[in-house]
Structures are given as C-alpha cells and as structure tokens.
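One structure is given here, and the rest of the page talks about it.
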Amino acid sequence: MTYEEMRALALSYPGVEEGTSYGHPSFKANGKFLTRLRDKDQSLVLSEVSLDEREMLIEADPQTFHCTPHYKDYPYVLARLERLDEATLRGFLERRWRKVSKKAVVKAWEAGA
C-alpha cells in the first residue's frame with residue numbers, strides 16, 4: 001500500500017482530519033489519534049490492539065507487523081505500510097474510528113454505508 005492509498009482510506013471516514021503527531025503525518029477523528037506514519041521505518045502506528053492480538057499478529061506476519069520498545073506496554077502495533085493491504089488496514093482504522101468518533105457520526109455513517 002502506498003502512503004497516498006492509506007491517506008485516501010483514512011480520510012474516507014467522516015470527521016477524519018489530517019495533521020501531525022510528533023512532527024510526522026497523522027490522522028485524527030474527533031480530535032483524537034487515529035494513526036500516524038513513522039518516517040523512521042515507514043510503518044503506521046495502529047491502536048486498539050491488545051497485547052495478545054499484537055503478539056499473534058507479529059508471530060503470524062513479522063514482515064508486516066512489529067513493535068519497538070517504546071510501544072511494548074501499550075495497545076499499539078506497528079505495520080509496515082508497503083506490506084499492508086486495504087482490507088487489513090480498513091479493519092484497524094475502522095475499529096479505532098468507531099471508538100473515538102461521536103456516536104451520532106458513527107450511526108449516520110452506518111445508515112449510509
């Protein structure tokens with residue numbers, strides 16, 4: 001997946017805005033973190049991932065999913081952008097978007113989706 005494909009997907013959710021986080025491109029919904037790109041390794045920071053799920057993802061596909069010591073105690077996984085497919089990324093983004101968006105926005109989106 002390219003950065004532009006990821007960007008288009010993230011911005012396709014209602015209320016998602018582009019910004020920066022730690023000086024790097026990021027996306028927020030309702031003012032809350034959705035995802036960001038790590039320039040260091042061209043990975044996306046994906047949240048709402050339990051430690052057990054992260055372990056399973058890394059074990060199943062270490063070429064795509066990884067973690068750094070910075071994130072080891074938090075519910076995040078890193079995913080190499082070039083290895084992600086749209087369906088997988090959509091699942092992670094939608095899970096986080098539903099959690100941080102206003103309920104009325106989610107309900108309206110569901111009605112139109």
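Given the structure is predicted, the values throughout are model-derived calculations rather than measurements.
Contact check for Leu84 versus Met6: no side-chain heavy atoms found under the 4.5 Å cut-off. Using a 4.5 Å heavy-atom cutoff, the side chains of Phe27 and Arg7 are in contact. Contact of the Cys67 side chain with the Ile58 side chain is registered, since non-hydrogen atoms from C-beta on lie closer than 4.5 Å. Residues Pro25 and Tyr3 have side chains in contact (heavy-atom distance under 4.5 Å, counting atoms from C-beta outward). Here the side chains of Phe33 and Val45 are in contact, with some heavy-atom distance below 4.5 Å. For the pair Leu34/Lys28, no side-chain contact is recorded, criterion being any heavy-atom separation below 4.5 Å from C-beta on. Met56 is not listed as a side-chain neighbour of Asp52, based on a closest heavy-atom distance of 4.5 Å or more. Side-chain contact between Val49 and Pro75: absent, with no pair of heavy atoms (C-beta onward) separated by less than 4.5 Å.
Looking at Arg96, Arg90, Arg98 one by one, the single match for side-chain hydrogen bond (donor to acceptor under 3.5 Å, both in side chains) with Glu94 turns out to be Arg98.
Remark: His66 NE2 to Ser43 OG distance equals 3.0 Å, nearest 0.5 Å. To the nearest 0.5 Å, the span separating CZ on Arg38 from NE2 on His70 amounts to 8.5 Å. Taking CG of Leu78 as the reference point, atom CG of Leu57 lies at 11.5 Å (rounded to 0.5 Å). With values rounded to the nearest 0.5 angstrom, Lys40 atom NZ is found 8.0 Å from Thr68 atom OG1. Atom CG of Leu9 is separated from atom CE of Met1 by 5.5 Å, given to the nearest 0.5 angstrom.
Hydrophobic clustering of Ile, Leu, Val, Met, Phe, Trp and Tyr side chains at less than 4.5 Å, counting indirect connections, keeps Leu93 apart from Tyr74. Leu11 and Leu89 fall within the same hydrophobic cluster, where Ile, Leu, Val, Met, Phe, Trp and Tyr residues are linked whenever their side-chain heavy atoms come under 4.5 Å apart, directly or through other members.
Other residues, nucleotides and ligands contribute only 12 or fewer heavy atoms inside 6.0 Å of the CD atom of Glu17.
In terms of heavy-atom proximity, Ser101 sits nearest to Val106 at CB-CG2, 3.8 Å.
Under 3.5 Å, the side chains of Arg83 and Thr64 contain a donor-acceptor pair of N or O atoms.
Residues meeting the salt bridge (Lys or Arg N to Asp or Glu O under 4.0 Å) test with Glu55, sequence neighbours left out: none. Under the ring-ring contact (aromatic ring centres under 6.0 Å, His included) criterion, Tyr71 pairs with Tyr76, sequence neighbours left out. In this view, Glu53 and Arg95 satisfy the side chain to side chain donor-acceptor pair (under 3.5 Å) rule, not counting sequence neighbours.
In this structure, Thr20 contributes its side chain and Gly23 its backbone to no donor-acceptor pair below 3.5 Å. Asp85 contributes a side-chain N or O that, together with a main-chain N or O of Ala87, makes up a donor-acceptor pair within less than 3.5 Å. Using modelled atom types, no side-chain atom of Arg80 and backbone atom of Leu44 make a donor-acceptor pair closer than 3.5 Å. Trp97 places a side-chain N or O within 3.5 Å of a backbone atom of Pro14 that can act as its donor or acceptor partner. Under a 3.5 Å cut-off, the side chain of Ser21 and the backbone N or O of Arg36 do not form any donor-acceptor pair.
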